[in-house]
Number of protein chains: 2
Amino acid sequence: MTLRTAQQKKDLCPGCPVARVADILGDSCSLLIVRDLLSTPQRFSQLETSLRGISTRTLTNKLKQLEHEGMIKRNEYTKPQRVEYSLTKKGEALHTVIDAMRSYGKKYL
Amino acid sequence: MTLRTAQQKKDLCPGCPVARVADILGDSCSLLIVRDLLSTPQRFSQLETSLRGISTRTLTNKLKQLEHEGMIKRNEYTKPQRVEYSLTKKGEALHTVIDAMRSYGKKYL
DNA sequence: CAGTATCCACCGGGATACTG
DNA sequence: CAGTATCCCGGTGGATACTG
């Protein structure tokens, strides 16, 4: 068995809820996006600035992924032109995980 | 700024405890190793079997990483020859994070 | 049993330029 | 402002063979 692609990684442990969360929040980018949106909805450019050094390409991809997973919602406005990303209920619920990580990180890292 | 290497990723948000946890548990392998060790100490070969499809090379690397981070301990025994990996206090404390992930995964994924 | 060593495919993601 | 498109580099990790 090979384990090269993301899909195959996903199959590694399909029955385990821990693994499923890891698949989504696994890369630091996605996790940090959710962390940022937990405080308030943000525009594309705000996220771009906050995640210092991320490329537009990567940010776009991660946002699409998270939207596809049902974690975030994309809201388009026309005056002035802007796009805001906010968490869905499903996304907001991740705060429990992120809080646990924050507590752990503060205490042990 | 480039963000290609792991080190650079680490620097992305050095002050954020959430990011620091993500750096360590970010890849599903490491996370699943900790998850496995939370129930009981395990031998190299047991982990190899449990994480279906992982290569010895990768398992070795992840174990070394986690040991270096102070999450796990490597215990060598001679009769019979075997090596057991167990969690340190620091590693055990990760159960809060993993529990949060499990609850979330069960409920939403 | 518990690794080490080497080789190489793959793809994530940076850099850059362009668009509605 | 919020992306899309292309090009290409580098690290992750599988496969395989070997060791104490």
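Remember, it's a predicted structure, so these values are computed and weren't measured experimentally. Throughout, a chain's letter reflects where its sequence line sits, starting with A, and its residues are numbered from 1.
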Which nucleotide sits closest to the side chain of S55(B): dG14(D), dA2(C), dT16(C)?
dG14(D)
Go through the structure and list residues passing side-chain contact (heavy atoms from CB on, under 4.5 Å) with E92(A), not counting sequence neighbours.
L87(A)
Partners of K73(A) by side-chain contact (heavy atoms from CB on, under 4.5 Å), sequence neighbours excluded?
N75(A), S86(A), T88(A)
In short, side-chain hydrogen bond (donor to acceptor under 3.5 Å, both in side chains) pairs touching residues 100-109 of chain A with sequence neighbours left out are D99(A)-R102(A)
Who are the side-chain hydrogen bond (donor to acceptor under 3.5 Å, both in side chains) partners of Q81(B), not counting sequence neighbours?
none
Whenever both distances are under 3.5 Å in a Watson-Crick or G-U wobble pair, mark it; put DNA chain C into dot-bracket that way, with [ ] for crossing pairs and | when the partner is on another strand.
||||||||||||||||||||
Comparing R57(A) with V83(A), nearest DNA chain D nucleotide closer to 5' gives the residue V83(A)
Rounded to whole Å, how long is the line connecting atom CZ of R74(A) with atom C1' of dG3(D)?
8 Å
Under 4.0 Å, heavy atoms only, any strand: does Y85(A) hit a base, just the sugar-phosphate, or nothing?
sugar-phosphate
Sugar-phosphate, base or nothing in reach of T58(A), heavy atoms under 4.0 Å:
sugar-phosphate
Set out, line by line, the N/O atom pairs under 3.5 Å between protein and nucleotides 18-20 of chain D.
from: dG20(D); atom 1: N2; to: Q81(B); atom 2: NE2; distance (Å): 3.3

Pairs satisfying ring-ring contact (aromatic ring centres under 6.0 Å, His included), at least one member in residues 50-95 of chain B, at least two apart:
none
Within residues 59-67 of chain A, residues whose heavy atoms come under 4.0 Å of DNA chain D:
T60(A), K64(A)
Here the residues of residues 40-48 of chain B within 4.0 Å heavy-atom distance, strictly under, of DNA chain C are R43(B), F44(B), S45(B)
Side-chain polar contacts of residues 41-48 of chain A - donor-acceptor pairs under 3.5 angstrom, sequence neighbours left out - could you list them?
from: Q42(A); atom 1: NE2; to: D36(A); atom 2: O; distance (Å): 3.4
from: Q46(A); atom 1: OE1; to: R43(A); atom 2: N; distance (Å): 2.7

The salt bridge (charged side-chain N to carboxylate O under 4.0 Å, His left out) partners of R57(B) (sequence neighbours excluded) come to none
